[in-house]
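One structure below.
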2 protein chains.
Amino acid sequence: MFSRSSKYAIKGVLYLALHASVENKIQAKDLSAPINAPAPYIAKLLQELARHNMVSSVKGPHGGFYLDEVNLQMNIMQIIEIIDGEDKFRSCLLSLEQCNSENPCPLHNLVGDQKLGVIHNLENTTIKELVADVKQGNSILPL
Amino acid sequence: MFSRSSKYAIKGVLYLALHASVENKIQAKDLSAPINAPAPYIAKLLQELARHNMVSSVKGPHGGFYLDEVNLQMNIMQIIEIIDGEDKFRSCLLSLEQCNSENPCPLHNLVGDQKLGVIHNLENTTIKELVADVKQGNSILPL
DNA sequence: TCTTAAATATGACGAATATCATGTTTTTCG
DNA sequence: CGAAAAACATGATATTCGTCATATTTAAGA
């Protein structure tokens with residue numbers, strides 16, 4: 001459903017949101033183990049996210065990654081769009097150009113409503129809210 | 001959401017269901033244009049589907065592919081499982097081993113219900129019903 | 001029975017994605 | 001300042017997935 005890159009990115013962001021802060025930045029190499037992703041790869045992804053202001057970073061000694069209040073207001077859909085591109089999610093299930101709500105493809109009616117629901121939820125829940133959920137024990141974030 | 005292979009396969013099956021029959025079989029190379037997929041590739045996919053009894057085929061002159069009544073009772077999920085594998089769809093969104101309804105990952109609560117809905121719909125609608133929808137003008141099947 | 005037309009089986013090629021490696025820039029600290 | 005520690009930038013390699021090509025098998029019809 002998501003690309004592997006997106007999964008790593010999402011896990012990385014959530015982990016940072018949960019465990020990092022301005023006073024306690026986390027380095028790329030220290031993210032590798034807890035989210036179960038190769039270190040150089042997660043580093044590259046975090047840089048891409050930083051370039052798009054999804055995460056904050058500082059260079060040099062005692063540098064690393066963290067999320068500031070602005071970053072915490074971002075949502076999962078934005079991560080996916082940065083990593084996988086805009087329309088990976090929104091396009092027709094069969095990649096039919098002519099497909100839309102007026103001229104739906106056979107699968108459109110079958111799963112269209114759920115798809116819209118998924119998109120809506122991914123867009124309208126902030127990282128902060130997701131992390132609050134973890135803190136309250138309503139969800140978990142292991143490897 | 002689906003792999004390109006799955007999309008080709010689904011379009012191929014739907015096209016066959018709509019236009020082919022025992023008396024009027026369709027060859028792989030004649031599927032290429034209408035579903036906008038490379039001929040050798042769709043041939044390979046159809047063979048895989050035939051091996052799993054998702055479509056019917058006969059060799060030799062006047063041979064080709066079509067769907068019999070049994071094939072028409074199959075559903076989209078079965079196509080996806082044959083082409084992409086069993087758990088591509090059912091596994092956790094973040095590929096977390098420990099994630100399940102009791103121990104949900106942060107995304108689980110967010111889209112879990114919709115995901116179950118999608119799976120249910122894909123499993124419980126037959127090819128025949130989808131094609132009936134097209135015949136009635138409720139959906140379309142272009143390139 | 002021989003030729004031909006189709007699916008089938010297998011593998012080679014290419015492109016996209018995931019992974020790794022190297023060097024450069026920035027910042028802290030002695 | 002100068003050295004070290006980190007992100008940053010770029011590109012190289014590997015693996016997966018999509019595409020293509022070739023040879024084999026099966027069945028129809030003359």
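By convention in this document, chain letters (A, B, ...) are assigned in the order of the sequence lines, proteins followed by strands, and residues within each chain are numbered from 1. Any value given below was found using the heavy atoms of this structure, including those in side chains, with hydrogens, waters and symmetry copies removed.
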| task | Please tell me which of the listed nucleotides, D/dG18, C/dT19, D/dA4, lies nearest to the side chain of A/Tyr41? | result | C/dT19

| task | Would you mind reading off the distance between A/Leu45 atom CG and D/dA9 atom C1', rounded to a whole angstrom? | result | 15 Å

| said: Is there, by distance only and without an angle test, a donor paired with an acceptor across the side chain of A/Lys44 and the base of D/dG11 below 3.5 Å? | reply: yes

| task | Identify the heavy atoms of B/Asn71 and B/Asn53 that sit nearest to each other, and give their distance. | result | ND2-O, 3.0 Å

| Of all the choices, D/dG18, C/dT8, C/dT19, which nucleotide is nearest to the side chain of A/Arg4 once you look at every atom? | C/dT19

| task | Calculate the interatomic distance between A/Glu48 atom CD and D/dA7 atom P; express it in whole Å. | result | 16 Å

| message | Between A/Tyr8 and A/Gly60, which residue's closest nucleotide on DNA chain C lies nearer the 5′ terminus? | response | A/Tyr8

| Distance-only donor-acceptor check, side chains B/Asn75 and B/Thr125, under 3.5 Å | no

| said: What is the distance, to the nearest angstrom, from the OH atom on B/Tyr66 to the C1' atom on C/dA6? | reply: 14 Å

| Interatomic distance, B/Lys59 NZ vs D/dG29 C1' [rounded to whole Å] | 18 Å

| message | Below the 4.0 Å mark, does C/dC29 have OP1 or OP2 next to a side-chain nitrogen or oxygen of A/His62? | response | yes

| said: For B/Val58 and B/Pro38, find the nucleotide of DNA chain D closest to each by heavy atoms; which residue's nucleotide sits nearer the 5' end? | reply: B/Pro38

| query | Is there a side-chain polar atom (N or O) of B/Arg51 under 4.0 Å from OP1 or OP2 of C/dA9? | reply | yes

| said: Just the rounded figure in Å: distance from P of D/dT25 to CD of B/Gln47. | reply: 15 Å

| request: Please check if the side chain of B/Asp84 supplies one atom and the backbone of B/Phe2 the other of a donor-acceptor pair under 3.5 Å. | output: no

| task | Measure from the side chain of A/Ala50, starting at C-beta and using heavy atoms only, and say which of D/dA7, D/dC8, D/dG18 lies closest. | result | D/dC8

| request: Please report, rounded to the nearest Å, how far the P atom of C/dA7 is from the NE2 atom of B/His52. | output: 19 Å

| query | Checking all strands, does A/Ala43 fall into the base, sugar-phosphate, or nothing category for heavy-atom contacts under 4.0 angstrom? | reply | nothing

| query | Does a donor on one side chain sit under 3.5 Å from an acceptor on the other, for B/Tyr41 and B/Ser5? | reply | yes

| request: Taking the side chain as every heavy atom from C-beta outward, state whether A/Leu18 and A/Lys135 have any pair of such atoms under 4.5 Å apart. | output: yes

| request: Quick one: label B/Ala39 by what it contacts on the DNA or RNA (base, sugar-phosphate, nothing), any heavy atom closer than 4.0 Å. | output: nothing

| message | What is the separation between atom NZ on A/Lys29 and atom C1' on D/dA7, rounded to the nearest whole Å? | response | 12 Å

| said: Tell me the interatomic distance from B/Lys25, atom NZ, to D/dA28, atom C1', rounded to whole angstroms. | reply: 11 Å

| Short side-chain N/O contact from B/Ser5 to OP1 or OP2 of D/dG18, under 4.0 Å | yes

| query | Are OP1 or OP2 of D/dA6 and a side-chain N or O of A/Ser57 less than 4.0 angstrom apart? | reply | no

